[in-house]
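For reference, the structure is listed below as structure tokens.
Note that the coordinates shown come from a computational prediction; the quantities given were computed from them, not determined experimentally. Chain A is the first sequence line, chain B the second, and so forth, proteins listed ahead of strands; every chain is numbered from 1.
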Amino acid sequence: MAQKPGIPKGTRDFSPAEVAKRNYIFDTIKAEFQKFGFQPIETPSFENSDTLMGKYGEEGDRLIFRILNSGDFLQKSDKKALQAEDSLKLAPSISEKALRYDLTVPFARYVVQHQNEIDFPFKRYQIQPVWRADRPQKGRFREFYQCDADVVGSQSLWQEVEFVQLYDAVFSALKLEGVSIKVNNRKILSGFAEVIGESDKLIDFTVALDKLDKIGEEGVKKEMEEKGIAGKAIQKIEPVFNLKGDFKTKIESLKEILADSEIGKAGIKELEFMAHAIDELPLKTAKLELDVTLARGLNYYTGAIFEVAAPETVKVGSIGGGGRYDDLTGIFGLKNVSGVGISFGLDRIYLVLEELGLFPEAVTERTKILFINFGENEALYALKAIKKLRENNITAELFPDAAKMKKQMNYANKRNIPFVVLAGESEVQQESYTLKNMQSGEQEEVDFELILQRL
RNA sequence: GUGGUCGUAGCUCAGCUGGUUAGAGCGCUGGAUUGUGGUUCCAGAGGUCGCCGGUUCGAACCCGGUCUUCCACCCCA
């Protein structure tokens, strides 16, 4: 029986047109990565579970796709957990591998494992799919590509500056205007928690603060209360909710708020450094904004935090993110290696470009010229010309069957092929070609050299 | 993981409070037009109404489950 085929939730097939557009984005990003001196690496699509589990917080573990052991996996399973129907305890005994959840943790693993072959600072980029057992939504899939660039082995703040430039370079190359690069610093957030005396609740505090633009000031306060942050502390942090003005104005306000926090002041210094550098190295199309509520991303960020917002007219959430993590490789036993990196969300960038009509026309136009098939002799005659055209870097093809003219022309039409050659008996005899421009409808009898000229 | 939502031809969608042979537009195939497409005209093919079960004399329509889509939360690219 034929079964109705389908693909898993949150995955997609890509048509030729979609692949062409996706490649356009990949190629653009790749070209900029390379210009900035990043080198590509690749890592396996699945890792040992130990490498991934526990690296993304409690929520993260839930979203990791686990791979069931092969063979008689129940044989080696944790019988106690099985008996107790305790999935959480049972899982590690029947699953030793898991699909890659992001590119950063595998990269950290890579750095530790290859530390003796790597020349630091190491700048790598990586474009590969990742998998998350999430519930799909618009722009959220269970299989999607990440495009990451990271530097490890340098604490220099110039890297942060470079990444802002890199973001700007990529979005400029994609002709995407209205992008805003939001930055914050973990030290600022730590400073906030410190001055209100809630340092131990830093994560709850920042997660709540992050929702300011979504649930508003009252919503944030309510969530902070629910998480057990003192009313007085919340009052004290109120000025943060209403930071106004440009980058520098906000920094001046921060200086007052964080006057009593050493770590907070360190954060301010870093932000000022970046602001000053970007002043001197102005961005082409993107805007740099300070957003002190920005806390998203993984809890391992220690310094700068980046998030890129799509132009306001397109509602797809963030199209990129990143930050500084001082001790990422520490979890794999390599201490004191600082890293900083950014990520581009290919699928969301795709949605944005699509919605704004920013894909170049040429991206989908492929075959330039189609030869009509009139039969065996004529097909061979056509292929001789096609071979020469290809040597001249022109995409040319022959319709494979000597089908009806209408069918062949229609095929050219639908595939958007701009030129068609009709070469039948008489053309073969005269060693000529009837070249037809499909857009204008004009046609002329020409020799091979003229075809080259016309294309 | 929690709550909700959608699912009818390849695509976009009609289909009355359950009632016989489930429709349209676009697309597709063939013809008008045996070396000329995009326009027009004519004809035709194509549907287990997501899937499974239940209620009913009778289900695309009501009920339950399941899968998928989208949305909110969680989290995030």
Side-chain angles (χ1 to χ4, degrees), chain A residues 1-12 15 25 29 56-64 87-88 100-104 127-148 203 207-208 210-211 214-215 219 223 294-299 306-310 315-322 341-352 370-375 378 399 402-428 433-443 445:
Chain A
M1 272 300 281
Q3 55 167 359
K4 208 173 170 182
I7 55 174
K9 189 201 314 199
T11 64
R12 297 147 301 156
S15 66
I25 302 175
I29 292 175
Y56 307 101
E58 295 164 50
E59 280 303 315
D61 280 4
R62 202 192 77 212
L63 299 176
I64 292 172
S87 306
L88 225 64
R100 191 205 284 138
Y101 176 88
D102 73 354
L103 300 178
T104 309
I127 299 179
Q128 289 188 282
V130 302
W131 295 268
R132 294 186 187 177
D134 205 358
R135 283 225 184 154
Q137 269 179 48
K138 185 179 183 179
R140 288 178 82 158
F141 306 94
R142 302 214 291 184
E143 177 184 63
F144 62 96
Y145 272 77
Q146 284 193 333
C147 314
D148 277 26
I203 298 291
V207 167
D210 186 49
K211 294 177 187 163
K214 208 167 184 180
I215 60 178
E223 181 163 333
L294 187 65
R296 304 194 135 194
L298 309 171
N299 359 22
F306 298 110
E307 180 170 307
V308 182
K315 293 191 168 52
V316 291
S318 67
I319 55 177
I342 60 172
S343 182
F344 291 81
L346 169 94
D347 296 282
R348 291 190 179 178
I349 293 172
Y350 184 104
L351 285 172
V352 172
L370 177 80
F371 282 64
I372 300 293
N373 189 330
F374 285 102
E378 292 89 341
F399 194 90
K404 283 184 185 160
M405 190 68 159
K406 177 169 176 161
K407 190 169 180 164
Q408 301 194 41
M409 295 295 278
N410 224 293
Y411 180 77
N413 232 7
K414 273 187 283 192
R415 287 202 37 211
N416 237 312
I417 298 173
F419 292 95
V420 160
V421 165
L422 298 97
E425 216 177 323
S426 68
E427 282 92 344
V428 173
Y433 307 88
T434 297
L435 178 68
K436 178 167 179 125
N437 179 322
M438 292 298 276
Q439 215 177 12
S440 67
E442 285 164 17
Q443 61 185 60
E445 199 171 332

Checklist entry - Do the side chain of R12(A) and the main chain of E143(A) share a donor and acceptor less than 3.5 angstrom apart? => result yes

Next on the checklist: Expressed as a whole number of angstroms, how long is the span from Y145(A):OH to A77(B):P?
Outcome noted: 18 Å

Next on the checklist: Can you classify the ring geometry of F399(A) versus Y411(A) as parallel (below 30°), tilted (30 to 60°) or perpendicular (above 60°)?
Outcome noted: perpendicular

Next on the checklist: Work out how far the P atom of C11(B) is from that of U55(B), and round it to whole angstrom.
Outcome noted: 33 Å

Next on the checklist: Any base atoms under 4.0 Å from G60(A), or only sugar-phosphate, or nothing? Heavy atoms, all strands.
Outcome noted: nothing

Checklist entry - Between L294(A) (CG) and C75(B) (P), how many Å, whole number? => result 15 Å

Checklist entry - Is any side-chain nitrogen or oxygen of K211(A) closer than 4.0 Å to OP1 or OP2 of C75(B)? => result yes

Checklist entry - U36(B), G37(B), C71(B): which one has an atom nearest the side-chain heavy atoms of K138(A)? => result C71(B)

Next on the checklist: Output the rounded distance in Å from CG (L351(A)) to P (A77(B)).
Outcome noted: 16 Å

Checklist entry - When you compare U20(B) with G37(B), how far apart are their P atoms, in angstrom units rounded to a whole number? => result 45 Å

Checklist entry - Using atom C1' of each nucleotide, how far apart are U2(B) and U12(B) to the nearest Å? => result 33 Å

Checklist entry - Which whole-number value in Å describes the distance from I64(A) CD1 to G1(B) C1'? => result 15 Å

Checklist entry - To the nearest Å, how far apart are R142(A) CZ and U68(B) C1'? => result 11 Å

Item to check | Residue F374(A), side-chain atoms from C-beta onward, closest of G35(B), U2(B), G37(B) | outcome: G35(B)

Item to check | Side-chain N,O (K414(A)) to OP1/OP2 (G27(B)) below 4.0 Å | outcome: no

Item to check | Donor-acceptor pair (no angle test) under 3.5 Å: R135(A) side chain, G3(B) base | outcome: yes

Next on the checklist: Go nucleotide by nucleotide along RNA chain B from the 5' end; which of I7(A) and V207(A) gets its closest nucleotide reached first?
Outcome noted: I7(A)

Item to check | Between A43(B) and U66(B) - C1' atom distance, rounded Å | outcome: 43 Å

Next on the checklist: Applying a 4.0 Å non-hydrogen cut-off, can you work out what G424(A) is touching in the nucleic acid: base, sugar-phosphate, or nothing?
Outcome noted: base

Checklist entry - P8(A) or Q137(A): which one's nearest nucleotide on RNA chain B is closer to the 5' end? => result P8(A)

Item to check | Pairing residues for D210(A) by the side-chain hydrogen bond (donor to acceptor under 3.5 Å, both in side chains) criterion, not counting sequence neighbours | outcome: R296(A)

Next on the checklist: Closer than 4.0 angstrom, basic N to acidic O: yes or no for K436(A) and E442(A)?
Outcome noted: no

Item to check | Minimum side-chain heavy-atom gap D347(A)-R140(A) below 4.5 Å | outcome: no

